[in-house]
Asks: 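Here it is, the structure in full.
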Amino acid sequence: MTENFQRFLSNDTGEEERFQESRLRPEGFEEYIGQSKVVENIHVMVESSNIRQQAMDHALLSGPPGLGKTSLAMLVAKALGSELHVISGPAIEKKGDLAAILTNLQPRDVLFIDEIHRMHISVEEILYSAMEDFRLDIVIGQGPSARTMQIEVSPFTLIGATTRSGLLSNPLRTRFMANLHFDFYQPEELAKIISNNAQKLNLEVESDALSHMAKCSRGTPRIANRILRRVRDFALVDGGNKINEEQVLKSLSLMEIDEYGLDRMDRKILSVILDYYGGGPVGIDALCATLAEDRSTIEDVFEPFLLKEGFLIRTPRGREISEKAKEHIAKYSN
Ligand SMILES: Nc1ncnc2c1ncn2[C@@H]1O[C@H](COP(=O)(O)OP(=O)(O)O)[C@@H](O)[C@H]1O
Ligand SMILES: [Mg+2]
């Protein structure tokens with residue numbers, strides 16, 4: 001069975017998405033656009049580690065999904081000439097699983113823990129001494145016969161990723177030397193990313209099509225890539241590899257993305273606050289219950305962009321929508 005065929009049968013869109021994403025990942029720092037503060041910090045840390053030939057200091061990357069945290073971790077490992085080990089925080093169920101991963105690391109390897117704020121607390125505790133002293137304190141047995149065993153770990157670098165650094169426990173957060181925040185991207189930066197990736201996909205993009213895609217990407221490279229791949233389908237069906245603005249408009253409307261880059265869920269959040277709560281303020285728990293959505297999804301995935309663009313306002317009594325949001329909803333429901 002060819003790889004393509006297997007993927008076609010697989011129902012797992014997550015896997016397909018990951019595969020497509022891996023094709024468009026920046027392969028070197030020169031392809032990593034924007035986030036200049038974060039990149040500058042990381043550069044110094046990498047270079048210092050290379051000069052010392054010791055492990056790079058631990059770094060925490062925080063920010064909404066799709067802004068380039070995983071991609072950056074990959075570039076760091078590459079620049080250190082080390083191996084990258086990727087794990088997802090909530091997927092580690094037992095202390096022993098994490099201990100096994102840690103004891104298998106080579107000196108200067110990078111351990112990337114995604115969604116590190118969702119790790120089980122008992123597993124998290126293993127990390128404290130590993131990060132600080134490159135040592136594991138393991139308790140063997142129970143009750144009066146219990147004893148502590150210490151196991152050495154190679155000096156390694158932990159890169160943690162989280163949607164919000166405030167979600168981390170204090171002991172864990174203070175063990176990171178650098179706490180780096182990712183911001184949403186400017187349209188010009190997204191345009192550069194889209195144009196680089198169009199080249200990788202062998203596409204030509206007209207300039208108004210490019211700026212339109214950049215403007216509607218919700219400040220997020222992952223969404224920019226998704227839009228680009230959708231528009232490519234239109235271009236292919238139209239029999240070419242050149243993308244024009246009309247194809248962009250058609251794709252965006254099919255994806256239900258509006259001129260501000262808001263999608264259906266963004267607009268639903270705003271209109272629920274307007275229709276059910278008179279525009280707010282409404283507490284986050286009541287809002288999530290009405291939307292039948294997870295609180296963390298709303299707070300970490302949707303809210304940051306709505307707040308940044310001034311559609312949503314946070315007040316001590318809850319969330320409110322702005323005049324801009326009301327105008328936008330009115331326009332959209334016509
Ligand atoms: N700074 C960047 N420059 C170029 N492309 C980027 C950048 N950040 C993210 N991307 C693109 O967006 C995709 C998603 O980024 P990713 O690193 O997986 O985000 P996160 O881990 O923060 O959710 C990547 O595959 C890459 O193509
Ligand atoms: Mg990621």
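This is a predicted model, so every value here is computed, not measured. Both ligands and their constituent atoms are indexed starting at 1 by order of listing.
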Asks: Taking all atoms of both residues into account, what is the closest heavy-atom pair of Glu124 and Tyr128, and its distance?
Replies: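 It is OE2-OH, 2.6 Å.
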Asks: Please answer whether the main-chain N or O of Glu246 pairs with a side-chain N or O of Asn244 as donor and acceptor at a distance below 3.5 Å.
Replies: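 Looks like yes, one N/O pair under 3.5 Å.
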Asks: Can you tell whether the side chains of Glu31 and Lys200 come within less than 4.0 Å, N to carboxylate O?
Replies: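 Lys200 and Glu31: salt-bridged.
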Asks: I'd like to know if the side chain of Glu327 and the backbone of Lys324 have a donor-acceptor N/O pair within less than 3.5 Å.
Replies: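 No: the side chain of Glu327 does not pair with the backbone of Lys324.
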Asks: Determine, step by step, whether Glu303 and Arg319 satisfy the salt bridge (charged side-chain N to carboxylate O under 4.0 Å, His left out) criterion, reporting the C-alpha distance in whole Å, the side-chain angles of both residues, the deciding distance to 0.1 Å, and the verdict.
Replies: CA-CA 10 Å; Glu303 265 194 358; Arg319 276 67 173 166; 2.6 Å; yes
Asks: Report the protein N/O/S neighbours of the Mg ion (ligand 2) that fall below 2.8 Å; do not count waters.
Replies: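 Result, waters dropped: Thr70 OG1.
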Asks: Indicate whether any N or O donor in one side chain lies under 3.5 Å from an N or O acceptor in the other, for Ser48 and Arg52.
Replies: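 Distance-only check passes for Ser48 and Arg52.
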Asks: CD1/Ile321 to CD1/Ile269 distance, rounded to the nearest 0.5 angstrom?
Replies: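 Reported to 0.5 Å precision, the distance equals 11.5 Å.
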Asks: Please output the residues near ligand 1 using a strict heavy-atom distance under 4.0 Å, listed in chain and residue-number order.
Replies: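 These residues qualify: Glu21, Leu24, Arg25, Pro26, Glu31, Tyr32, Ile33, Pro65, Gly66, Leu67, Gly68, Lys69, Thr70, Ser71, Tyr185, Ile193, Pro221, Arg222, Asn225.
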Asks: Here's one to test your reading of the geometry: is the NZ or CZ of Arg267 within 45 degrees of the ring axis of Tyr332 and under 6.0 Å from its centre?
Replies: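 Relative to the ring axis of Tyr332, which defines the angle, Arg267 lies inside both limits.
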Asks: Are any side-chain N or O atoms of Ser165 and backbone N or O atoms of Thr162, one a donor and one an acceptor, separated by less than 3.5 Å?
Replies: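 Such a contact is absent between Ser165 side chain and Thr162 backbone.
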